[in-house]
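Read the structure below first, then the notes.
All values below come from the heavy atoms of this structure, side chains included, with hydrogens, waters and symmetry mates left out. Letters A, B, ... are given to chains in the order of the sequence lines, protein chains preceding strands, and every chain is numbered from 1. As the structure is a computational prediction, the values presented were derived from the model and not from experiment.
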Number of protein chains: 2
Amino acid sequence: MRQKLRAAAAALGILALIATPASSEEGMWTFDNFPAERMQREMGWAPDQAWRDRVMAGTARLPGCSASNVSGQGLVLTNHHCVISCVTALSTTQANYIEHGFMARARAEERRCPNMNIDVLQGITDVTQNIETATAGAASETFARIRDAEVARLERECSAGATRCEVVTLYQGGRYSLHRYQRYNDVRLVFAPEHGMAAFGGDPDNFNFPRYDIDFSFLRLYENDAPAATPNHLTMRFSPVEENEIVLIAGNPGRTSRLRTTAELAFERDHNLPWQIASLSEIRGRLIAYSSLGPDQARIASSALQGVENSFKGLSGRRQALADAAGFARVAERQADLQTRVRRNRASQREVGDAWGEIEAAQTAYRGMFYPYQYLEARAGERSLLFSWARDIVRGSAERGRPDAERLPRYTESRLAAVEQGLRAQRPVTPAFEEIHLAFWLSKMREYLTVDDPIARRILGDESPEALGARLSRSRLADPAYRLELWQDGEAAVAASDDPMIQFVRAWDADARAVRARYVAEVEGPAARAHERIARARFRAFGEGQYPDATFSPRISYGRVIGWTEPNGRVVAPFTRTAGLYERATGQHPFVLSQRWIDARPRLDPNAIFNLSSSNDVIGGNSGSPLLDREGRVVGAVFDGNIHSLGGEYFYDGNLNRSVTVASTAIRTSLADVYDMPGLLAELEGR
Amino acid sequence: MRQKLRAAAAALGILALIATPASSEEGMWTFDNFPAERMQREMGWAPDQAWRDRVMAGTARLPGCSASNVSGQGLVLTNHHCVISCVTALSTTQANYIEHGFMARARAEERRCPNMNIDVLQGITDVTQNIETATAGAASETFARIRDAEVARLERECSAGATRCEVVTLYQGGRYSLHRYQRYNDVRLVFAPEHGMAAFGGDPDNFNFPRYDIDFSFLRLYENDAPAATPNHLTMRFSPVEENEIVLIAGNPGRTSRLRTTAELAFERDHNLPWQIASLSEIRGRLIAYSSLGPDQARIASSALQGVENSFKGLSGRRQALADAAGFARVAERQADLQTRVRRNRASQREVGDAWGEIEAAQTAYRGMFYPYQYLEARAGERSLLFSWARDIVRGSAERGRPDAERLPRYTESRLAAVEQGLRAQRPVTPAFEEIHLAFWLSKMREYLTVDDPIARRILGDESPEALGARLSRSRLADPAYRLELWQDGEAAVAASDDPMIQFVRAWDADARAVRARYVAEVEGPAARAHERIARARFRAFGEGQYPDATFSPRISYGRVIGWTEPNGRVVAPFTRTAGLYERATGQHPFVLSQRWIDARPRLDPNAIFNLSSSNDVIGGNSGSPLLDREGRVVGAVFDGNIHSLGGEYFYDGNLNRSVTVASTAIRTSLADVYDMPGLLAELEGR
């Protein structure tokens with residue numbers, strides 16, 4: 001059946017294929033626009049509204065990741081790599097949970113994660129009309145500011161207490177949705193395996209399959225210092241999934257660029273990605289060198305290093321997808337098809353005007369301010385906790401005194417609580433580690449802005465990047481009490497602070513704000529205004545049966561448990577099994593079994609499914625998403641895509657793109673036979 | 001006059017401009033095909049044959065660089081960055097010549113550089129006919145092998161004693177020249193300033209101008225343990241050059257790709273350069289981290305780090321030049337123009353056939369073996385001395401037993417002496433530093449070949465890249481006596497060696513040789529065969545008045561002392577002056593003045609020319625070249641190009657490309673007023 005549909009679709013030719021997704025599994029659909037009929041037609045089954053409502057209520061979002069709620073007492077399943085910064089923060093030389101794992105066998109042992117919060121979607125409201133009304137007639141230079149003011153108003157009026165609202169731009173501006181979340185701020189770590197087992201195979205195996213990772217962890221939601229009651233939870237199924245079984249993934253894919261223009265993607269390919277890849281490579285080298293200094297350094301760096309290596313591999317794959325002539329042709333053809341359709345429709349043509357040309361002009365403007373925008377604003381102080389706190393304190397204290405509509409988006413009324421939570425977080429600061437990130441950023445800032453740039457000179461003064469980084473790394477902001485004191489005392493206290501990081505951030509904040517304002521007026525606004533018109537034309541041409549680009553908001557994708565065939569003919573089966581883990585272990589990093597897994601071997605079923613591949617369309621941010629069966633039961637935690645899925649930022653290829661999941665069978669055997677967690681297992685089994 | 005000529009040329013349109021170089025200063029000309037008439041016409045003066053012969057005899061080549069002979073007692077002027085590996089090798093914790101400089105005030109204090117040799121060109125013979133006869137009728141798969149066998153024969157028959165001959169491929173295969181050099185193996189360090197002064201401004205200022213570097217050093221050629229008599233030396237002129245003065249540069253530009261096809265350059269842009277840039281960035285990060293561990297580590301890493309940073313910046317500029325749509329269009333237009341001319345000429349068309357298509361096919365084949373070829377062969381063990389010695393010992397001892405025509409090119413009879421010299425060199429080995437390079441290479445090898453690649457598995461065995469790198473770094477090959485013992489005892493001794501690095505290299509040498517053979521048969525041969533035909537068509541279309549791509553062989557370029565105007569309108573003057581050095585010094589690395597320069601300030605002329613910019617067409621390899629006035633006197637040592645010259649790999653833009661020179665005035669004041677080297681100065685002044 002699927003084969004026939006594919007063949008029929010293929011016969012229509014590539015341009016026609018763009019009208020509906022090319023592969024039946026393509027799409028990261030919003031909960032309020034799920035293509036149930038299409039799925040029913042293609043897969044022979046589709047979830048009904050009740051199923052979708054239940055799943056929406058049982059899934060969750062955490063910083064950068066996805067999760068599911070799997071017990072009535074607030075238990076949450078996600079990936080280990082989604083909680084690694086929490087595990088790092090809770091670890092010390094004496095209690096190294098990165099190396100040895102974390103296992104709370106009683107509620108009292110569960111440990112609060114600093115700076116972790118979990119959002120559960122409560123409802124979606126279309127607010128396109130509000131935004132359109134507010135921005136009607138706005139010039140492209142002021143568009144983004146006016147839009148953001150309306151966003152701030154909508155979010156403020158909707159948010160209250162634990163209800164946190166967020167306006168999401170969909171279809172690159174074709175729709176705006178107000179998402180209403182319940183936010184949990186007290187999230188505690190329940191279970192995390194050893195990092196070496198969660199990330200078995202490390203960077204070499206990342207985005208590869210066959211794979212043998214137990215990349216899962218459990219958290220618990222707390223309210224009023226007690227486990228939250230979560231009656232809308234999902235349940236886990238521990239019986240193995242079958243090959244070809246229909247599976248769905250509900251999670252928060254972070255970002256795709258499938259609706260962006262060729263000018264934007266050429267900029268990505270030729271400028272942004274190469275620059276980012278080079279930056280990531282160098283900081284990777286610095287972090288590897290730091291890690292090799294000893295076990296403490298390795299523990300402190302592990303979360304950052306894993307993040308950097310993951311980004312490097314992901315962005316390299318994306319660059320490759322665009323550098324590939326056939327890859328870029330797909331993008332160009334998609335745009336040419338829409339342009340052809342626009343030309344055939346006079347109303348559409350009038351409305352769109354030269355939107356593509358305007359976006360190209362915005363990219364040209366961006367190129368002229370790219371490095372200042374990145375180094376002074378968007379990525380200033382990247383990976384330095386001290387810098388991020390200082391900027392929040394300096395900016396937040398200034399912004400709070402302004403009307404909501406005039407504030408920087410991060411500091412609008414409805415978002416202030418999140419900023420404050422970040423400042424409160426008890427996160428350990430290692431000055432030597434901060435110094436690495438600060439010196440790296442400052443040296444690259446000087447390299448790309450050049451030594452003679454007046455702002456670069458103002459930032460560095462007479463200091464070298466290394467000396468300045470070292471001085472700033474001794475900021476008192478490592479102490480949360482001092483952070484909160486400044487935050488609460490406000491602008492005058494901040495101005496009077498003698499802390500080097502506070503003084504440093506203040507000294508050139510006006511420069512950073514200026515380049516931000518230029519970016520918003522000359523790049524973001526004009527591009528958004530033009531995208532809005534393109535999006536309208538796209539709806540006119542293709543109707544409502546489309547999915548928007550990923551925006552780190554809740555989505556569902558559907559597919560099957562299935563392997564794939566490599567272009568060279570090699571067939572990759574959809575399952576790996578426990579025995580394979582032991583075969584792959586060399587005893588050398590990153591292929592080292594923990595003692596627990598060595599000891600457990602006789603107790604384990606060598607044929608149990610470990611990891612699996614499925615054809616669902618996912619992308620980074622989906623990490624930790626539940627893999628769901630037709631009954632809505634959780635049969636695993638999605639933790640990766642295969643190497644072909646990296647191009648998924650730009651297109652989905654049903655023959656090759658695959659998501660990768662740690663199977664519930666592996667989760668069960670881990671808890672039962674390796675880590676001796678009967679209580680946790682009983683809770684999962686509803687016993 | 002120049003303006004008029006330029007305007008006239010511009011009026012011919014861009015395609016016609018390709019027939020002769022677009023800018024009058026374009027071209028790195030061979031000594032036997034210098035465009036004297038053209039230069040006379042354009043510049044109003046040109047050097048005659050005697051001038052060119054004198055300059056050829058007075059200039060020299062050293063590893064990766066250029067130089068001039070500036071006294072009758074073998075004194076050689078080059079850049080500090082051309083001798084930095086010698087300075088590093090001679091330095092110790094106690095005698096840190098990197099930090100403090102090296103000043104031999106008597107002959108007896110001059111110190112031999114390990115692994116340094118200097119070649120002085122004696123004559124050029126066209127051997128195109130020999131190669132063509134030898135390769136007539138050869139299939140493209142065997143072409144490179146047959147060509148290399150003939151090259152080996154020509155070089156062997158010409159070389160003897162200190163005469164070392166080299167066949168150079170010019171015009172990407174349109175011509176072959178036999179270069180006869182006199183080789184000096186005993187080269188001693190005479191003078192090197194502090195690294196911080198030679199490279200003042202460090203990486204941030206590299207390829208930038210205005211600039212304030214005293215990037216020069218002096219070496220001396222020795223024969224029979226005494227200074228070599230060098231009657232054909234050039235002389236220095238210490239009076240300042242004038243703006244617009246005609247200047248020539250004689251040196252050895254390393255490589256350009258101006259005659260390569262769009263398929264080859266697209267491969268560079270999309271695959272090779274991005275991969276190299278990422279690799280360089282990561283090793284840069286690792287080296288920066290190592291350097292920061294202490295002054296010894298900084299000294300040990302300085303040469304490698306400077307090389308890595310220089311390559312990073314250079315390759316990034318090249319990638320940018322190709323990623324720029326206008327840049328790539330220049331390349332594409334050049335090719336399209338030639339193709340148009342070929343189509344108009346039936347003989348040409350018949351001869352060329354589908355040469356461009358064949359090269360594209362070779363690139364596709366290359367892509368399929370790119371990472372194995374790089375990691376197993378071309379860049380295996382990159383930057384590890386121990387690895388390079390082991391490979392020379394393992395391969396050399398095997399190759400010596402074969403007829404010359406069947407050997408790998410590096411080990412043919414005429415080249416063996418150079419290999420042996422490398423093995424003899426007294427170069428200090430720091431195991432921890434070796435370990436960095438070995439672990440880096442092995443980890444990237446595994447990353448790019450993937451963990452499951454059978455050769456990657458064979459290379460690593462059960463070890464991690466880090467553990468294996470650490471084990472190999474303890475090889476006995478650090479001892480030159482052991483290296484020579486193995487080299488002299490030959491294959492059986494090598495096979496019996498229990499040294500870990502020797503055993504390691506032997507274990508998978510067959511794999512490396514196999515991928516090399518595939519590369520030679522499927523990429524190098526077919527591309528060379530096709531390029532030969534394109535080159536013939538190019539001669540047919542444009543005649544002999546062309547310059548070949550740079551091939552690290554002696555060339556002359558001409559130009560004027562001149563600044564430039566940035567695209568944003570900023571005018572850059574051609575000179576910097578001593579006062580500017582002091583203004584630029586912040587006291588923070590890399591803008592730190594040495595105590596000697598601080599002390600000397602009152603003695604110096606603030607208006608003396610320090611560095612200068614000229615319009616000569618140069619590229620990496622030209623470093624250390626003499627800048628020559630019309631009388632053939634040395635008025636400086638070229639040490640860099642400006643940022644626009646990075647695209648010079650692919651095209652020369654007369655409005656923007658500039659070479660950068662440390663002026664003889666700065667050299668003189670350094671020796672006279674800063675470093676107190678009256679003897680050296682007297683020698684330079686012929687007193």
Side-chain angles (χ1 to χ4, degrees), chain A residues 201-205 208 210 266 269-271 273-275 277-290 292-293 309 312-313 316 319-320 322-325 435-436 439-440 443 446-447 450-452 456-457 460-468 584 586-592 643, chain B residues 201-205 208 210 266 269-271 273-275 277-290 292-293 309 312-313 316 319-320 322-325 435-436 439-440 443 446-447 450-452 456-457 460-468 584 586-592 643:
Chain A
D203 178 67
D205 271 4
N208 282 340
R269 180 193 63 194
D270 297 335
H271 305 291
L273 290 172
W275 164 76
I277 289 166
S279 292
L280 288 165
S281 295
E282 187 176 334
I283 191 69
R284 182 187 191 181
R286 294 186 186 213
L287 292 178
I288 286 173
Y290 179 77
S292 72
L293 296 178
E309 291 189 330
F312 171 81
K313 210 164 187 176
S316 297
R319 193 200 65 79
Q320 202 59 67
L322 292 179
D324 182 67
E435 200 180 322
I436 290 175
F440 176 68
S443 70
R446 183 179 65 180
E447 181 172 325
T450 78
V451 170
D452 299 303
R457 288 184 164 230
L460 289 172
D462 276 339
E463 288 177 285
S464 69
E466 295 73 25
L468 179 55
R584 201 163 182 75
T586 60
Q588 290 278 344
H589 173 81
F591 298 96
V592 185
I643 200 82
Chain B
D203 178 68
D205 270 3
N208 283 340
R269 179 193 62 193
D270 298 336
H271 304 292
L273 289 172
W275 164 76
I277 290 166
S279 292
L280 288 164
S281 296
E282 187 176 335
I283 191 69
R284 181 186 192 182
R286 294 188 187 211
L287 293 178
I288 286 172
Y290 179 77
S292 73
L293 296 178
E309 291 188 331
F312 171 81
K313 210 163 186 176
S316 297
R319 193 200 66 77
Q320 201 61 65
L322 293 180
D324 182 66
E435 200 180 320
I436 289 175
F440 176 67
S443 70
R446 182 178 68 181
E447 180 171 326
T450 77
V451 170
D452 298 303
R457 288 185 163 228
L460 289 172
D462 275 341
E463 289 177 285
S464 70
E466 295 73 25
L468 179 56
R584 200 162 181 75
T586 61
Q588 289 279 343
H589 173 81
F591 298 95
V592 184
I643 200 82

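- Heavy-atom distances place the side chain of B/Phe312, and not its backbone, under 4.5 Å from chain A.
- Among the candidates B/Ser316, B/Pro590, B/Ser464, the residue making the largest number of heavy-atom pairs closer than 4.5 Å to chain A is B/Ser464.
- Under a 3.5 Å cut-off, the side chain of A/Arg284 and the backbone N or O of B/Arg286 do not form any donor-acceptor pair.
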Query raised in the report: Between B/Ile288 and A/Glu282, is a side chain to side chain contact (heavy atoms under 4.5 Å, CB included) present by the stated rule, with each step listed?
Result: CA-CA 9 Å; B/Ile288 286 172; A/Glu282 187 176 334; 3.4 Å; yes

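- Contact annotation: the side chain of B/Leu468 never approaches that of A/Gln588 to less than 4.5 Å [non-hydrogen atoms, C-beta and beyond].
- Two residues are said to be in side-chain contact when any heavy atoms from C-beta on lie closer than 4.5 Å; A/Arg319 and B/Pro274 meet this criterion.
- Here the closest heavy-atom approach between residue B/Ala278 and residue A/Ile277 is recorded as CB-CG2, 4.1 Å.
- Within the 4.5 angstrom heavy-atom criterion, no atom of B/Phe440 approaches chain A.
- Here the CG-CG distance, from A/Leu293 to B/Leu293, works out to 6.5 Å after rounding to the nearest 0.5 Å.
- Between chain B and the residues A/His589, A/Lys313, A/Gln320, A/Glu466, the most heavy-atom pairs under 4.5 angstrom are made by A/Gln320.
- No other option in B/Thr586, B/Val451, B/Asp205 has as many heavy-atom pairs under 4.5 Å with chain A as B/Val451.
- Under the 4.5 Å side-chain criterion, counting only non-hydrogen atoms from C-beta, A/Arg584 is in contact with B/Asp452.
- Residue A/Ile283 does not touch chain B at all, counting heavy-atom pairs closer than 4.5 Å.
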